[in-house]
Amino acid sequence: MKYVSTRGGITPVNFTDAVMMGLATDGGLLLPETIPCFNKNDIERFQDLTYQELAMTIFHPFVGNDIPLNELKNLIKQSYSSFNHPAVAPLVKQEDLYILELFHGQTLAFKDIALQFLGNLFAWILAERQESLNILGATSGDTGSAAIYGVRGKDHINIFIIHPHGKVSHIQERQMTSVLDHNVFNIAVEGIFDDGQRIVKEIFSDLDFKHEFHLGAVNSINWARIMAQIVYYFSAYLQLPDSERKTVDIVVPSGNFGNIFAGYLAKRMGLPIRRLVLASNENNILNRFISTGVYQGSEVVPTWSPSMDIQVASNFERYWYYLHHGDPEAAMKSFAQLRETGAISISREQLLQVQKDFATGFATNDETLTTIADFYQQTGYILDPHTAVGVKVAQQLRLEEGINKSTSICLATAHPAKFPDAVHQAIGIYPPVPESLRDIDQRECRYEILPADTATVKDYIRSKLQTPS
Ligand SMILES: *Cc1c(COP(=O)(O)O)cnc(C)c1O
């Protein structure tokens, strides 16, 4: 399989090159040249596969001959052995909804599913090429910790993660900074999340520095992350009883459009679901796009579901490219216009297509909390605030259509214990603390506090990477 850029400016590359490239060198996003397809019989034959075997089946056409099959199999096995549930992503039924629990990885959020695999994949490719990689990223919480757990202790890789000092949640801070492996460097900058992001951008734009220190990123635009996420859409469907497979909707709490884009590809690969439902919180740029055809950001407002507090969805360009039938000119023109005017829109026919691809809804901050409370009262099951946004939207749509006309699967993107304050606010109790968080306050932590200044952060990175000669 070859990979092309949404902006059409690169010679097609192989899978491993696409993974190492991250963002395409022309500024676009990478996509496979063709989308592999499975028919109904194929999918029925997936029924008895383990999650790992299913991953193997789905990855194979995307990876091609770039990685020997037994090596790929090992990478998958390694990646999912760190999950604390044998199904990796179990489907549970609560009242009339199915919940796909994506939070059984080490940092208790769905990002582990892709980042455990990406970490192993990086390590394999780097060992093969005898190269090294120094990952640099800024985080407001979830991605940074999942990335750190994905690469901790691995050869040929160091990771530098910048978080705003004192401004991520207590659990997130301790999850990140208690990883003491030699290759993990936590930087707490005296500033806000945007300062961290600005510093990373400025460092990446210093190409000499970037090349000298082999810097790379792990943000949600890496193709391998999308690919890894396709698997659980198939797995969710295959875990449904036969009688429930006729009219299936999958509801996705969305921020950067990464998770739901994987679902979109799953559908195009032949997964027989009716619709994907995009659920937003009050930062509902994507929800507005699907409803009106206009894509226009506004101020980010903080909500109870902070991992969805996003106004520019970094994966959206991939869908835009498909919506314009793989025409890179169209994608380029649109995104230039977006940068200039802050808004882009589509034709009436295209809007019909969008609304065929996705249904949508959003939940306000208050609705998020009342959904946690009502659901807990009805079922005893505690939702995290991101999952609650999806559940609220699923309930709205089911009500509009008439109950029991369809099967709804809600993706649970985080464990409630990761967001204890929201849960406490909603139901007056704190969620039970899972094993992996129990000793978190006793762990030793390590991080460097630095001013929010690019030159200082550069000096710090240089001092850690330059081996004394
Ligand atoms: C990252 C994240 C999301 C949003 O996922 P996208 O792929 O950015 O749409 C939702 N919930 C949680 C808990 C997350 O960490």
Side-chain angles (χ1 to χ4, degrees), residues 92 94-103 109-110 140-142 169 249-261 263 275-292 294-313 316 354-355 358-379 381-401 403 406-428 431:
V92 301
Q94 297 294 339
E95 297 275 307
D96 66 334
L97 293 181
Y98 285 91
I99 310 273
L100 185 71
E101 295 183 343
L102 299 174
F103 51 68
F110 90 97
S140 55
D142 276 353
S169 84
D249 288 349
I250 302 185
V251 186
V252 189
S254 293
N256 266 318
F257 206 77
N259 197 352
I260 199 163
F261 183 73
R275 50 186 193 186
L276 288 158
V277 181
L278 184 143
S280 295
N281 64 22
E282 290 180 11
N283 297 292
N284 63 347
I285 176 170
L286 292 167
N287 160 263
R288 281 181 283 123
F289 169 70
I290 295 168
S291 308
T292 66
V294 179
Y295 184 77
Q296 177 171 33
S298 52
E299 285 278 289
V300 177
V301 296
T303 71
W304 287 112
S305 43
S307 300
M308 294 157 62
D309 290 347
I310 281 157
Q311 280 293 355
V312 176
F316 187 65
V354 170
Q355 292 176 347
F358 303 103
T360 186
F362 77 102
T364 64
N365 239 349
D366 284 346
E367 285 169 339
T368 305
L369 294 189
T370 50
T371 302
I372 296 174
D374 294 346
F375 205 75
Y376 178 62
Q377 203 153 51
Q378 284 154 18
T379 65
Y381 188 91
I382 304 179
L383 300 168
D384 107 282
H386 303 78
T387 310
V389 167
V391 165
K392 171 71 194 172
V393 171
Q395 288 170 337
Q396 268 166 7
L397 293 183
R398 291 176 76 75
L399 215 59
E400 282 166 23
E401 184 177 38
I403 299 278
S406 63
T407 300
S408 300
I409 298 174
C410 297
L411 301 195
T413 53
H415 191 288
K418 227 177 156 174
F419 299 93
D421 296 334
V423 171
H424 184 260
Q425 182 82 14
I427 61 178

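Only a predicted model underlies this, so the values are computations on that prediction, with no experimental measurement involved. Basis for what follows: all heavy atoms, side chains included, without hydrogens, waters or symmetry-related copies.
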Are any non-hydrogen side-chain atoms of [X] and [Y] less than 4.5 angstrom apart?
X    : Y    : answer
S408 : E401 : no
R275 : L397 : yes
R398 : S406 : yes
T371 : Q395 : yes
I285 : Y295 : yes
P420 : P431 : yes
F103 : T387 : no
V391 : Q94  : no

Which heavy atom in [X] sits nearest to a heavy atom in [Y], and how many Å separate them?
X    : Y    : answer
V300 : D309 : CG1-O, 3.6 Å
D384 : F419 : OD2-CD1, 3.6 Å
K392 : A363 : CG-CB, 3.8 Å
A426 : A373 : O-CB, 3.6 Å
A109 : K418 : CB-NZ, 3.9 Å
I372 : A388 : CG1-CB, 3.6 Å

At what distance, to the nearest 0.5 angstrom, does [atom1] of [X] lie from [atom2] of [Y]?
X    : Y    : atom1 : atom2 : value
M308 : N284 : CE    : CG    : 10.5 Å
T379 : L97  : OG1   : CG    : 9.5 Å
S254 : I260 : OG    : CD1   : 4.5 Å
T370 : I427 : OG1   : CD1   : 13.0 Å
T413 : L100 : OG1   : CG    : 10.5 Å
W304 : T364 : CH2   : OG1   : 13.0 Å

- Query: Does the ring center of F289 lie less than 6.0 Å from the ring center of F257?
  - Reply: no
Check: [Y] main-chain N/O paired with [X] side-chain donor or acceptor under 3.5 Å:
X    : Y    : answer
N281 : S305 : yes
H386 : S307 : yes
N287 : L278 : no

- Query: Of I409, V251, L411, which is the lone residue that meets side chain to side chain contact (heavy atoms under 4.5 Å, CB included) with Y98?
  - Reply: I409
- Query: Between the side chains of N365 and T303, does any donor sit under 3.5 Å from an acceptor?
  - Reply: no
- Query: Just wondering, more than 12 heavy atoms not from Q378 lying within 6.0 Å of its CD?
  - Reply: yes
